[in-house]
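First the structure, in the form of structure tokens, and then the observations on it.
Lettering of chains follows the sequences in order, A, B, ..., and the numbering in each one begins at 1.
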Protein chains: 2
Amino acid sequence: MSTKNKILDAAEDLFAVKGFNGTSLREITSQAEVNLAAVNYHFGSKKELIKAVMSRYMNELSPRLEVALQKIVDDERQPTLIEVFSAFVDPLLWLNEFKHNGTSNFLQLLGRGYTDSQGFLRWFLTTQYPKVISNFVEAIRKAYPELTPEDIFWRLHFTMGTIVFTMSSNDALIDIAQNDFNKTIDISGVIEQVIPYIAAGVAAPITPAFSASS
Amino acid sequence: MSTKNKILDAAEDLFAVKGFNGTSLREITSQAEVNLAAVNYHFGSKKELIKAVMSRYMNELSPRLEVALQKIVDDERQPTLIEVFSAFVDPLLWLNEFKHNGTSNFLQLLGRGYTDSQGFLRWFLTTQYPKVISNFVEAIRKAYPELTPEDIFWRLHFTMGTIVFTMSSNDALIDIAQNDFNKTIDISGVIEQVIPYIAAGVAAPITPAFSASS
DNA sequence: GCTCAGTTTAAACAGATGTTTAAATTAACG
DNA sequence: CGTTAATTTAAACATCTGTTTAAACTGAGC
């Protein structure tokens, strides 16, 4: 295993649990069993390391997502919203083959990217991988043509929040489910629960136009 | 204005934007125009300051929320889910009277509490203000009796994620709405958009039982 | 005016942070 | 083998972190 990959693996696990700000380079290099200076040698800076961790996942995920969503868009049949959201399941779960805890790690990192570091990661993702977003919007539009672009924008954002927040507190959730309901949950159990919720949310009756303020 | 309140005001604004980990005591005391040591003198530690910032809001919010939810629970009529969620609107918006940007700040801080600092704030809130949560669950149960406690637990968590995430990226959202749709949004516009979404999500058809894993 | 608790202040503390340096080691290639 | 480039290493860098110290100041109450 190359030094570069050892760093990426360790950084990913730590970032997912403790956030970007909350993880030091010394923790990363110590867990990766490489020298401290290796991060700056191979990646240039901590910020670039963060981007590299995210890119590694996005490069695996985004082509698979594009294919799955394209299939829905190209099909002449009108999809249900459940089908649109279910298109995410296989590509996301596939990340577990790519790396141990891959699905959970990636979704947690996505959430971190929105709240940590003043959103520079959000900028990075939306500018680097716009195709995924536009395909997704198109699929939604096809499943629910009455939605205006504004409605889609808002509801996708709400959906993003649901997913990302759920996964960010994934560990806590699993604990609570275990203690309060004596149920053992894994990641696909969570996904099974969340899809009806977000599908119903996106399918909600159309709201009146934006309430414009002065 | 007392030193204590100057610190609380500055800390709140900075915490909301940059997170707890991302804000230093020197930034806070500098913006508050007080001496660095004042934080440790008045609050003991940074951790206690974080709790104090949250408590100040919760002490304003929680009695108002309890009243609004109790009214729904005590009413003999069965409420709609829209009514249950709408019970949050006035208490939340009232925080804007309490302090400039109060509503947005509070919701952002709530989100930070879930993701920053490994959830010690989540523990703090759920143990200190359990009445709000139990009232809320009871109101939901009344509006939608078919939901099992597990379903309610999950859907409330998803709802929490939607709200918190939306408010965390509130500033970015307002920008996007302005640039892409030429619409001016304020916080109550966002609330108006989100309530149908979360109400529909919670009202989604009941899912099969938890998929228990070994 | 004196006393004394409450508060503010500047300075220092020890430890952690990301990054850089220069020497040592390893690998690649003719 | 010899040379050159790529990589690893230990050490130091300057800066920032939360916290503590001890002295200075403030304002009542006697």
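With A/N21 contributing its side chain and B/G22 its backbone, the two residues share no donor-acceptor pair below 3.5 Å. In terms of modelled atom types and a separation under 3.5 Å, the side chain of B/T162 and the main chain of A/G161 share no donor-acceptor contact. Of the possible polar contacts, one joining the A/R112 side chain to the A/V17 backbone as a donor-acceptor pair under 3.5 Å is found. B/Q193 places no side-chain N or O within 3.5 Å of a backbone atom of B/V190 that could act as its donor or acceptor partner.
The six-membered or imidazole ring of A/F85 lies away from that of A/Y197, with a centre-to-centre distance of 6.0 Å or more.
Ring-plane geometry between B/H157 and A/F165 is classed as tilted, the angle between the planes lying from 30 to 60 degrees on a 0 to 90 degree scale.
Among the atoms of the strands shown, none is found under 4.0 Å from any heavy atom of A/S2. Residue contacts shown for B/T23 are limited to sugar-phosphate atoms, with no base heavy atom under 4.0 Å away.
As a whole-Å value, the separation of B/E33 CD from C/dA10 C1' is 18 Å. Residue A/E48 contributes atom CD, which lies 15 Å from atom P of C/dG18 at whole-angstrom precision. Between the C1' atom of D/dT19 and the CZ atom of B/F43 lies a distance of 16 Å, rounded to the nearest Å. At whole-Å resolution of the value, CD1 in B/I28 and C1' in D/dC16 are 14 Å apart. Rounded to whole angstrom, the span from the NZ atom of A/K4 across to the C1' atom of D/dT7 amounts to 12 Å. Per the geometry, CD belonging to B/E27 stands 6 Å off P belonging to D/dT17, to the nearest Å.
For the 3.5 Å distance criterion, the side chains of A/T3 and A/Y41 fail to qualify, holding no donor opposite an acceptor.
One finds no side-chain N or O of B/T3 lying less than 4.0 angstrom from the OP1 or OP2 phosphate oxygen of C/dT7. Contact annotation: A/S24 reaches the phosphate of C/dT17 (side-chain N/O to OP1 or OP2, under 4.0 Å). Residue A/H42 places at least one side-chain N or O under 4.0 Å from the OP1 or OP2 atom of D/dT8.
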Write down the protein N/O and nucleotide N/O pairs, taken from nucleotides 19-23 of chain C, whose separation is under 3.5 Å; answer none if there are no such pairs.
from, atom 1, to, atom 2, distance (Å)
C/dT19, OP2, A/N40, OD1, 3.3
C/dT19, OP2, A/K46, N, 3.0

